[in-house]
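For reference, the structure is listed below as structure tokens.
Here the structure is a predicted model, which is why all the values come from computation and not from measurement.
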Amino acid sequence: MSNLANEIYMLIVSHTKWKKRLQEMVNAGEGDFDSMLKEDSEFCEWIKSNSGQFQGDSHYEAVSNLHQEFHRETEKIIQLAADSDKETASKAMDYGSDYERLSQLLVQKIIAWHDEVSKSQ
């Protein structure tokens, strides 16, 4: 696997770790929700640091846009959890929710990008 293909694959790992951390905080009904809003995940950092390299790349654009959309949705969930509305926050993360739909679509786009990069190298 090429270095680039591996970096793209690691976006899925980073995304999954971040989601798990958010789920644990929502389930517990406590945590540093403010830092979750402000925090740049490894995923965010990678997207930002590679914007010039992939400018105009349709896979990069799709992943970057979906990632932004996903984080807009997570902001709503984090705000609910921070306001002690654990039940609504948890439901907003359930299967079939916008949060889960965007997450799945994001992972699918990352896999498609990874597969294309792997084939070309």
Side-chain angles (χ1 to χ4, degrees):
M1 182 183 314
S2 74
N3 189 42
L4 178 57
N6 188 54
E7 287 180 31
I8 292 170
Y9 175 79
M10 292 307 293
L11 294 176
I12 297 171
V13 174
S14 175
H15 175 70
T16 303
K17 283 182 0 186
W18 193 92
K19 280 182 57 180
K20 182 178 184 223
R21 188 166 150 229
L22 177 60
Q23 185 72 60
E24 289 170 350
M25 290 173 70
V26 167
N27 288 347
E30 59 185 26
D32 190 358
F33 293 110
D34 286 340
S35 74
M36 288 293 282
L37 284 171
K38 296 174 188 170
E39 176 185 296
D40 274 348
S41 66
E42 294 168 20
F43 192 120
C44 293
E45 290 296 324
W46 193 90
I47 291 290
K48 288 177 186 176
S49 68
N50 286 286
S51 62
Q53 178 182 350
F54 295 111
Q55 189 171 13
D57 181 288
S58 62
H59 288 291
Y60 174 86
E61 298 296 330
V63 168
S64 180
N65 290 337
L66 276 168
H67 182 252
Q68 290 173 5
E69 195 174 342
F70 175 77
H71 273 283
R72 281 192 293 275
E73 188 62 29
T74 62
E75 287 172 10
K76 297 174 194 175
I77 294 166
I78 290 168
Q79 192 58 57
L80 288 166
D83 291 343
S84 299
D85 194 350
K86 178 180 161 180
E87 184 177 332
T88 306
S90 185
K91 284 181 183 177
M93 296 175 77
D94 282 348
Y95 184 79
S97 66
D98 287 341
Y99 168 87
E100 192 58 31
R101 178 187 59 79
L102 288 167
S103 177
Q104 289 177 12
L105 187 55
L106 179 59
V107 169
Q108 290 170 0
K109 295 292 183 183
I110 295 169
I111 290 169
W113 188 15
H114 172 271
D115 291 350
E116 184 172 297
V117 167
S118 293
K119 283 191 289 189
S120 68
Q121 296 182 348

query = If you group Ile, Leu, Val, Met, Phe, Trp and Tyr by side-chain heavy-atom gaps below 4.5 Å, do L80 and I78 land in one group?
reply = no

Who are the salt bridge (Lys or Arg N to Asp or Glu O under 4.0 Å) partners of [X], not counting sequence neighbours?
X	result
E87	K91
K109	none
K86	none
R72	none

request  = Could you please spell out the steps behind the side-chain contact (heavy atoms from CB on, under 4.5 Å) verdict for M10 and V13?
outcome  = CA-CA 5 Å; M10 292 307 293; V13 174; 4.0 Å; yes

request  = May I ask you to decide if the ring planes of Y60 and F54 are parallel, tilted or perpendicular, using 30° and 60° as cut-offs?
outcome  =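 If you compare the ring of Y60 with that of F54, the planes turn out parallel.
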
ask   = Where does the angle between the aromatic ring planes of W18 and F70 fall among parallel (under 30°), tilted (30 to 60°) and perpendicular (over 60°)?
value = perpendicular

query = Got more than 12 heavy atoms from elsewhere within 6.0 Å of CD, Q53?
reply =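 Atom CD in Q53 is crowded, with more than 12 foreign heavy atoms closer than 6.0 Å.
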
query = Less than 4.5 Å apart, any side-chain heavy atom of M93 and any of L22?
reply =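 A side-chain contact under 4.5 Å exists here.
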
task = For residues Y9 and V117, determine if any side-chain heavy atom of one lies less than 4.5 Å from a side-chain heavy atom of the other.
result =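 No, every pair of side-chain atoms sits at 4.5 Å or beyond.
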
With rounding to the nearest 0.5 Å, note down the distance linking [atom1] in [X] to [atom2] in [Y].
X	Y	atom1	atom2	result
L102	L106	CG	CG	8.5 Å
I110	L11	CD1	CG	5.0 Å
E61	S51	CD	OG	9.0 Å

When you measure from the side chain of [X] to the backbone of [Y], do you find a donor-acceptor pair of N or O atoms at a distance under 3.5 Å?
X	Y	answer
S103	Y99	no
T74	H71	yes
D83	D85	no

Test: E73 and K76 ion pair at under 4.0 Å =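 A salt bridge links E73 with K76.
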
query = For E69, what residues pass the side chain to side chain donor-acceptor pair (under 3.5 Å) criterion, not counting sequence neighbours?
reply =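 With neighbours one apart ignored, the set is empty.
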
message = Using the side chain to side chain donor-acceptor pair (under 3.5 Å) criterion, which residues pair with N65? Sequence neighbours excluded.
response =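 N65: no side chain to side chain donor-acceptor pair (under 3.5 Å) contacts found.
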
message = For S64 versus I47, what's the shortest heavy-atom pair and its separation?
response = OG-CG2, 3.7 Å

